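One is the number of the first residue; the rest follow in order along the sequence. Ligands are counted one by one from 1 in listed order, and the atoms in each one are counted from 1 as well. Only heavy atoms go into these numbers, but all of them, side chains included; no hydrogens, no water, no symmetry mates. This one's a predicted model, so the numbers in the text were calculated from it and none came from an experiment.
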Amino acid sequence: MTADAAADDRVDPVLAKVTGALEHAEERPGQHEMAITAARALSEGRHAVIQAGTGTGKSLAYLVPAAMLGRPVVVVTATKALQDQLARKDLPFVVEHSGLDFDFAVVKGRSNYVCRQRLDELASATQPALDLEGVSGPAFAQIGRLRDWADETTTGDIADLNWSPADATWRAASVSSDECPGASKCPRGHDCFAEMARRRAAEADITVVNMHLFGIDLASGGLLLPPHDAVVIDEAHLLEDVISDTAGVQIMPSQFRNAAAVVRRIVAEEQLVDALGNAAQLTHDALAGHVGERMQPGSDSLGWLADLRLVLDECLSVLAAIRADSEDVKQRRLRAQQVVGSLAVAIDVVHAAGDTDVVFVGGTPAAPRLVVAPLDVAPVLRARLWDQRAAVLTSATIPTGLPKRLGIDDTEIVDVGSPFDYEANGLLYCAAHLPDPRADGYRVQLHDELAALINAAGGRTLALFTSWKAMHAAADAVAQRVDVPVLTQGSLPKPLLLSTFAEDEPTCLFATVGLFSGVDVPGRTLSLVTVDRLPFARPDDPLLAARRDLVGARAFAEIDVPRAAMLLAQAAGRLIRNATDRGAVAVFDSRLATARYRWDIVRALPPMRRTRHRDEIEAFLSELTATS
Ligand code: SF4
């Protein structure tokens, strides 16, 4: 029997058992193909990159082969929320219905777990010490509740709390990985929740982590996660950016403020705490005016880092000289040494940056950060991941060239499609008659066009914009010309914003790139998705600019077009969320109809019927409004 046939034989019946137990069980050929592709790659120690469109049921298509592998697998999700969804819903469902005998565990970053050592210290602290830490009044009462909870919970994970502690309370009752001295040096190391999660993972067949923690584990050479033979990476289109973040370092004013708070718990000299506070201000002042600029390591523009290094050295000597006459004092000192030492190391990394790194100022003028990121993540991933273990990467939108940019050589993208009938149920409209989005007069015509389509759709619109400025301008102009409510991103907390949009059918939601993904509103409520312009990255984005320099003349085709295509495909993917959904995607950027690269973008979108005629989309939307 061939390996392919063996994978078919083994996966098929188990997947059928699991999907057959779903409330709305249905045959999904793409899910079947994905499960077999994943099973073959995992069992043969190879890599597979699978594009699985909306509705494929990709979680079950990779969880079943992972559970059947019989060797430890790490499953990587984009966010902690998706991590919790797998752990609370999908994995228990597979356990219950597959007949497979396997264990799973969840590992999160240390600051997600309540720290028993901190709770002990807070319990014995004097009121002046608590005041200094911002733990007084209501926060102190919450610490008491957390202590009671710590006696009952088996996880210590903040996601398992049924109430929300204030930020100050949780900051006082948890520690970051930069702060924790490690279980072997901590009196509560034996029953530490973060350590228990890691021990559970060491015993489990499947460990679920979020992509950021996975990146930190790779950067640390595998210090956080237990040994594993294979990985499954969901939302793999995000991997390049996350590895860029985690393989480098960042220096932010808030880190010095945090260091000052941790040092204040142990050091009596106000001067030292003030020096760290001043370092935070100095960092802010040195960076705020340079957001978006690249910096040369060793240049005068980074001279201020040497002064900060002196402050940190001074701090480390004072901490080393403190006599620890109690366990509490010893622990506070250890944690302060960890935090200050990590900052000193980060400064050294900036100084040591070389040709394969990019140093730049990111963030915003209000919250700037100095970033060192690898110019190319492929060597990091090749050495630490692809050469070590089998990997299945999946996403609804895999940009062309992603495997190559990630360093996975000779791997084709397997596209298992989507079970939805986009041709019949969706219409893609390009407003080809509008002027170029960079031309005068574009904005006024965009607003006219958007108001007309919203009226034709009876509201029910997710209007997406590539900038906040464009979103607010459109909301101001359009809200007066439509008789349906218009919500804007930022006007309500995100969960409330999305639930208000989903529950009130005519309501429209105007939003920016942050909501190009993550909006899942099936049914009549979302019948029209609009995008103001093709979502190209800013030409002056410092990290992308450095990567463009590396690629040379092919940069636009290899970097910019695939990124824009992926973002637009994600935006379009908000429309059809189940088999009966119908609706239209309208793009107010004529380049989608005229530019030479247009087919690279169109091919990345769901295969909807296409039109350039406004009367056709208006008729389509009016018919939807009348019949639905
Ligand atoms: S090892 Fe100690 S300090 Fe670190 S998180 Fe656990 S209990 Fe807290």
Side-chain angles (χ1 to χ4, degrees), residues 80 83 105-125 129-130 132-135 139-140 142-161 165-203 207 209-210 212-213 216-217 219-220 222-226 255 258-267 316 319-320 322 324-343 345:
K80 279 187 274 185
Q83 198 177 359
V106 174
V107 175
K108 294 182 182 173
R110 202 164 282 266
S111 58
N112 289 277
Y113 302 95
V114 71
C115 169
R116 289 194 193 269
Q117 175 59 25
R118 286 293 292 141
L119 289 180
D120 287 353
E121 289 168 17
L122 292 167
S124 57
L130 291 172
L132 217 50
E133 295 201 25
V135 183
F140 185 69
Q142 289 193 334
I143 292 287
R145 288 179 73 186
L146 283 179
R147 213 177 298 120
D148 293 342
W149 174 68
D151 289 339
E152 295 159 11
T153 173
T154 55
T155 66
D157 181 348
I158 189 173
D160 292 337
L161 258 180
D167 286 352
T169 309
W170 189 255
R171 257 199 315 277
S174 62
V175 296
S176 67
S177 51
D178 280 346
E179 206 177 331
C180 170
S184 60
K185 293 183 184 161
C186 173
R188 299 304 300 261
H190 61 284
D191 60 352
C192 162
F193 288 115
E195 296 297 328
M196 285 186 334
R198 280 164 181 72
R199 283 199 291 274
R200 275 196 294 270
E203 303 290 316
T207 299
V209 298
N210 64 68
H212 192 79
L213 190 68
I216 294 173
D217 179 66
S220 73
L223 292 179
L224 299 180
L225 297 176
Q255 291 167 310
N258 178 46
V262 175
V263 167
R264 182 183 286 125
R265 292 172 188 161
I266 173 79
V267 167
L316 286 169
L319 289 169
I322 290 173
D325 44 18
S326 75
E327 188 60 43
D328 268 13
V329 173
K330 184 178 158 196
Q331 291 301 316
R332 287 170 200 259
R333 186 186 69 187
L334 273 174
R335 289 202 303 272
Q337 285 172 316
Q338 279 287 126
V339 170
V340 176
S342 303
L343 266 173
V345 168

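Ranking the protein heavy atoms by distance from atom 6 (Fe) of ligand 1 puts C192 SG, 2.4 Å first. Of all protein heavy atoms, the one lying nearest to atom 8 (Fe) of ligand 1 is C115 SG, 2.3 Å. Nearest protein neighbour of atom 2 (Fe) of ligand 1, counting heavy atoms only, is C186 SG, 2.3 Å.
Proximity of a side-chain donor or acceptor of S220 to a complementary backbone N or O of D217 within less than 3.5 Å is detected. With hydrogens and angles ignored, the 3.5 Å screen pairs a side-chain donor or acceptor of Q142 with a backbone N or O of A166. Side-chain atoms of Y113 come within 3.5 Å of backbone N or O of K108 as a donor-acceptor pair.
Between E179 and R118 no salt bridge is recorded (no basic side-chain N to carboxylate O distance below 4.0 Å).
For ligand 1 and V175, the ligand atoms under 4.0 Å from any heavy atom of the residue are 5 (S).
Between R265 and R332 the shortest heavy-atom distance is O-CD, 3.5 Å.
The nearest N, O or S atom of C180 is closer to atom 4 (Fe) of ligand 1 than 2.8 Å.
Ligand 1 lies within reach of R110, whose nearest heavy atom is under 4.0 Å from it.
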